[in-house]
Amino acid sequence: MPSSNGPAGGGPPAPRPSSRPAWQQAAAVVGGFTVLLYVVEILDVLSGDRIERAGITPRSFDGLWGVLFAPVLHDDWAHLFANTVPVLVLGFLVLASGLVRGLAATGIIWVVGGLGTWLIGGAYTNHIGASILVFGWLAYLLVRGVFTRSLGQILIGVVVFVVYGGLLWGVLPGTPLVSWQGHLFGAAGGVLAAWVLSADDRRRRALGSA
């Protein structure tokens, strides 16, 4: 028998749960990821820094597993602190324009950045740090608007360049104990992600101009 509280009983329809705005979802995900980074660092300290050794060891079969783990591992608290604000800001901006698209971009950056580092990194080195993602997100935000021809995204890219453009020097070799390979291939992954994920926009433009 239908309930008297439902539409069949003459009552008001049951309210549908509303999804949270995109910016709230982005804030929750990037905030949760940042908390994860701190939990991993606490566990690493308790382990006597053994966990951080699971990073990318170039051209080593065992070191290939580090592609999965490197972005959540850090050498020490100073290393993690240096990455925290860029992770929060750039990660939020990438995810805020669409959670699924932002996560897809992050996945591309994660894999391309890790594999590129594994291929050309120095022998017997251990590459770790969320800066792979930071440089990937930065590059993604800088070029995304160019591929989509979106004025809003281009403006975001300009602002990001003004604030964080100086980081791009980090893709060049020269600073000891800094994985410029991770920075370089993270950025390459960001450009690739922007190009791949703008395919629909480029296809619509091509059809419109045909």
Side-chain angles (χ1 to χ4, degrees), residues 16-37 70-72 80-117 129-172 178-210:
R16 295 181 179 179
S18 58
S19 59
R20 291 186 295 176
W23 70 267
Q24 290 185 5
Q25 296 178 31
V29 171
V30 76
F33 179 70
T34 304
V35 170
L36 172 64
L37 297 181
V72 300
L80 176 55
F81 293 157
N83 280 331
T84 296
V85 173
V87 163
L88 288 169
V89 174
L90 299 176
F92 172 79
L93 290 175
V94 168
L95 296 174
S97 61
L99 189 61
V100 173
R101 182 180 295 261
L103 290 175
T106 301
I108 293 171
I109 292 164
W110 197 303
V111 173
V112 172
L115 288 178
T117 302
S131 55
I132 290 177
L133 300 181
V134 168
F135 277 76
W137 288 333
L138 174 59
Y140 176 82
L141 292 168
L142 290 178
V143 304
R144 176 183 58 175
V146 175
F147 293 132
T148 62
R149 304 286 177 85
S150 166
L151 179 60
Q153 292 179 0
I154 290 173
L155 291 176
I156 290 174
V158 170
V159 173
V160 167
F161 179 76
V162 170
V163 177
Y164 286 107
L167 289 178
L168 293 174
W169 292 108
V171 304
L172 301 175
V178 172
S179 177
W180 63 270
Q181 298 94 338
H183 298 170
L184 175 62
F185 281 96
V191 174
L192 177 62
W195 184 78
V196 169
L197 297 174
S198 66
D200 289 342
D201 298 278
R202 290 183 281 110
R203 190 177 301 113
R204 281 194 295 267
R205 287 202 307 272
L207 291 174
S209 61

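Because the structure is a prediction, the values reported are computed rather than measured. Throughout, residue positions are numbered sequentially from 1 according to the sequence presented.
For Ser131 (side chain) and Val134 (main-chain N/O), no donor-acceptor pair under 3.5 Å exists by modelled atom type. A donor-acceptor contact shorter than 3.5 Å links the side chain of Arg101 to the backbone of Leu197.
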query: Would Tyr140 and Val94 count as a side-chain contact (heavy atoms from CB on, under 4.5 Å) if you check the C-alpha gap in whole Å, the side-chain angles of each, and the deciding distance to 0.1 Å?
result: CA-CA 8 Å; Tyr140 176 82; Val94 168; 3.9 Å; yes
- request: Using the side-chain contact (heavy atoms from CB on, under 4.5 Å) rule, take Trp180 and Leu172 through it: C-alpha gap first, then chi angles, then the decisive distance, then the call.
  value: CA-CA 6 Å; Trp180 63 270; Leu172 301 175; over 6 Å; no
field: Intermediate values then yes/no, side-chain contact (heavy atoms from CB on, under 4.5 Å), His183 and Leu167
entry: CA-CA 9 Å; His183 298 170; Leu167 289 178; over 6 Å; no
- prompt: Are Phe92 and Val29 close enough, and set up right, to give a side-chain contact (heavy atoms from CB on, under 4.5 Å), and what steps lead you there?
  reply: CA-CA 8 Å; Phe92 172 79; Val29 171; over 6 Å; no
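Pairing each heavy atom of Ile108 with each of Gly189, the nearest pair is CG2-O, 3.7 Å.
Here the CD-OG1 distance, from Gln153 to Thr148, works out to 3.5 Å after rounding to the nearest 0.5 Å. The distance from atom CD1 of Ile156 to atom CG of Leu93, rounded to the nearest 0.5 Å, is 6.5 Å.
Under the side chain to side chain contact (heavy atoms under 4.5 Å, CB included) criterion, Trp110 pairs with Phe33, Pro71, Val72, Thr106, Leu133, not counting sequence neighbours. The side chain to side chain contact (heavy atoms under 4.5 Å, CB included) test applied to Ala188 returns no partner, not counting sequence neighbours. For Val85, the side chain to side chain contact (heavy atoms under 4.5 Å, CB included) partners are Val89, Tyr164, not counting sequence neighbours.
Under a cutoff of 6.0 Å and an axis angle of 45°, Arg144 and Trp195 do not form a cation-pi pair.
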